[in-house]
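Remember, predicted model here, so these are calculated numbers, not experimental data.
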Amino acid sequence: MNRSRNGRRRQSRHGADERPGRAKQRAFCIAVAPEHEDLAELRELLRTAGVAVVGQEVQHREAPHPNTYLGRGKLEELRQRLVEADANLIACDDELTPRQERNLEEALGLPVIDRTAVILDIFAGHAHTADGKLQVELAQLEYNLARMRGLWTHLERLGAGRIDGGIGTRGPGETQIETDRRLARDRISALRRKLAGVRSSRGVMRAERERAALPRVALAGYTNAGKSTLLNALTAELGGAGGSRVGVRDRLFHTLDPTTRTVRIGGRAFLVTDTVGFIRKLPHQLVDAFGATLEETRLADLVVHVADASVPEEELVEMVRAVEDVLEEIGAGGAPRLLVLNKADLIDADRRRELGFRHPDGLLLSAETGEGLEALAQGIEREFRRALTPVELLVPYEEGGRLAELHDLAADLERDDTAEGVHVTARLPTTAAARFERFAVNGRA
Ligand SMILES: Nc1nc2c(ncn2[C@@H]2O[C@H](COP(=O)(O)OP(=O)(O)OP(=O)(O)O)[C@@H](O)[C@H]2O)c(=O)[nH]1
Ligand SMILES: [Mg+2]
């Protein structure tokens, strides 16, 4: 911590800070919880956002105070501790109502950011593709519209350039706020239109057509569980194609944009997609804005749920549940699921046994060392077969291309050349079965 900063002028209520570059921010974390809560995740989020943590306070109460989040007495007590800790920012582990946020800022005399703002800020920093950037901007605008002030200026992630004169860069003042609101709403509609355009663009449609032909596996899971590492391992070990390695880093929400690779398992090609990680209390603005990205998971034939099993059991259970909740929320709750307990290389023999009986369906694996990869491949193959639809087709000889496609897609394919064409019995993924319907014999397709 840089002591020489102690005497510097306070940030304005809206976080404006005229120092050039990104200021070193020193956050004091607060939370309300009925029982013990260690705030490790909020600290990790802040670390990823480039903010230092200088202290924390968890108030034990059933529910947050509706007006001030923390109770009166606690607020009094905190003021002194904030000075001692040399904090210049408060970070709250829950999403605050605009009123709670305002009241907290007034009572504590420091800018307040909530969990949602931190997550949105991280997303803003990690979005690389045009699509990703649009999605994050949309989520931020929606969050800010309710608050009408500068989320970005708090964490100073975005240089003035990008949102020059835009929402969140100005001070308050009633007229300004009205103008900002209107601008924000205009921008939100424009972004929605743009995103809709991106989605319906030719490229996306073509990719989707191609995708429909091969069985799709989505890697889903808590952020930092090792999804990208696993995709790399699957591509490297099992053979596959589709470009360079996916970025891996020990930070939250490293991956935002979905990456799809072809992986060959049991002689058949699968499309495996790595996508954005989930988190407890995932801001609903993000779930909305990332609809197209999350679609990859919703449309998958199989969801491989990757969990970091190197954490204590309680945390593991909580993270697994958080992911299940989000899957449910995005409409992927019904898809066949395979649980992968990753980071096996960090787990000792005792804990391995414990995992074995606590999560009997879980597949212990290490994306780093390759342990368990083969078992995962078999698991994918097995789940895939379970979801196959039996078909009986008569494919005319002139449709040779379709036959080749069938060979790629089908399991247990048997063919018999007859006078009318090739008679085929096989088992196909449901989506593919629908596409071959017109060749169906006896209504079986
Ligand atoms: N020891 C060990 N570390 C792992 C393993 N798999 C992943 N990691 C590490 O865990 C961290 C996160 O890995 P990623 O693959 O980026 O995780 P992710 O799930 O894609 O994370 P986000 O994209 O942020 O949601 C990195 O530091 C990896 O090196 C593993 O099997 N063993
Ligand atoms: Mg990743």
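Glu57 places none of its side-chain heavy atoms less than 4.5 Å from the side chain of Cys29. Taking the side chain as every heavy atom from C-beta outward, Thr97 and Gln100 approach each other to under 4.5 Å. At a threshold of 4.5 Å between non-hydrogen side-chain atoms, the residues Glu137 and Arg187 count as touching. A heavy-atom distance below 4.5 Å is not found between the side chains of His305 and Leu338. Between Phe384 and Pro336 the shortest side-chain heavy-atom distance does not fall below 4.5 Å. Asp416 places none of its side-chain heavy atoms less than 4.5 Å from the side chain of Val422. Residues Leu363 and Leu339 are not in side-chain contact: their nearest non-hydrogen atoms beyond the backbone lie 4.5 Å or more apart. Side-chain contact check for Leu230 versus Leu219: some heavy-atom pair is nearer than 4.5 Å.
Under 3.5 Å, the side chains of Ser366 and Glu371 contain no donor-acceptor pair of N or O atoms. When only modelled atom types and interatomic distance are considered, Glu313 and His359 share a side-chain donor-acceptor pair under 3.5 Å. Side-chain polar atoms of His284 and Glu329 form no donor-acceptor pair below 3.5 angstrom. Counted by atom type alone, Tyr69 and Asn103 present zero donor-acceptor pairs between their side chains at under 3.5 Å. No side-chain donor-acceptor contact under 3.5 Å links Thr129 and Asp131.
With rounding to the nearest 0.5 Å, the separation of NZ in Lys227 from OG1 in Thr275 is 8.5 Å. Rounding to the nearest 0.5 Å gives a distance of 10.5 Å between CD of Glu354 and CD1 of Ile347. The distance from atom CG of Leu376 to atom CG of Leu234, rounded to the nearest 0.5 Å, is 5.5 Å. With rounding to the nearest 0.5 Å, the separation of CG in Leu346 from CG in Asp308 is 7.5 Å. Separating the CG atom in Leu191 from the CD atom in Gln140 is a distance of 10.5 Å, to the nearest 0.5 Å. To the nearest 0.5 angstrom, Leu46 atom CG is 5.5 Å from Ile113 atom CD1.
For Arg415 and Asp417, the salt-bridge test passes: some basic side-chain N is under 4.0 Å from an acidic carboxylate O. Salt-bridge formation is not detected for the pair Glu105/Arg102: no Lys NZ or Arg NE/NH1/NH2 atom is positioned less than 4.0 Å from an Asp or Glu carboxylate oxygen. Comment: Arg385 engages Glu381 in a salt bridge, judged by a side-chain N to carboxylate O separation of less than 4.0 angstrom. A salt bridge links Glu44 with Arg47; the closest basic N to acidic carboxylate O contact falls under 4.0 Å. Under a 4.0 Å N-O distance rule, the pair Arg427/Asp412 qualifies as a salt bridge. With respect to the salt-bridge test (charged N to carboxylate O, under 4.0 angstrom), the residues Glu142 and Arg192 qualify. Ion pair Glu383/Arg337 not flagged as a salt bridge, since none of the NZ, NE, NH1 or NH2 atoms sits closer than 4.0 Å to an Asp/Glu carboxylate oxygen. Using a 4.0 Å cut-off between charged nitrogen and carboxylate oxygen, Asp325 and Arg280 do not count as a salt-bridge pair.
Residues satisfying the ring-ring contact (aromatic ring centres under 6.0 Å, His included) criterion with Tyr222, sequence neighbours excluded, are absent altogether.
Taking all atoms of both residues into account, the shortest heavy-atom contact from Asn224 to Lys343 is O-NZ, 3.0 Å. The two atoms that bring Asp94 and Val32 nearest to each other are OD2-O, 4.1 Å, heavy atoms only. The two atoms that bring Val323 and Gly221 nearest to each other are CG2-C, 3.7 Å, heavy atoms only. Looking at every heavy atom in both residues, Val311 comes nearest to Arg351 through O-NH2, 3.5 Å. A pairwise comparison of heavy atoms in Gly277 and Phe253 identifies O-CE2, 3.3 Å as the closest pair. Shortest non-hydrogen contact noted between Arg438 and Glu399 is NH1-OE2, 3.6 Å.
Using a distance-only test at 3.5 Å, with no hydrogens or angles considered, no donor-acceptor pair links the side chain of Gln25 to the main chain of Leu89.
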Quiz item: Could you walk me through whether Glu41 and Glu315 pass the side chain to side chain contact (heavy atoms under 4.5 Å, CB included) check?
Solution: CA-CA 10 Å; Glu41 186 168 277; Glu315 229 175 285; over 6 Å; no
Quiz prompt | Val391 and Thr425: CA distance, side-chain angles, deciding distance, side chain to side chain contact (heavy atoms under 4.5 Å, CB included) verdict | solution = CA-CA 6 Å; Val391 294; Thr425 57; over 6 Å; no
Quiz prompt | Pair Val306-Leu365, side chain to side chain contact (heavy atoms under 4.5 Å, CB included): steps then yes or no | solution = CA-CA 10 Å; Val306 185; Leu365 178 147; over 6 Å; no
Practice problem: Take Lys281 and Arg115, measure what side chain to side chain contact (heavy atoms under 4.5 Å, CB included) needs, and give me the verdict at the end. | Solution: CA-CA 9 Å; Lys281 309 185 216 168; Arg115 182 184 173 88; 3.6 Å; yes
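In this structure, Arg264 is not positioned above the aromatic face of Phe270 in the sense of NZ or CZ being under 6.0 Å from the six-membered ring centre and within 45° of the axis.
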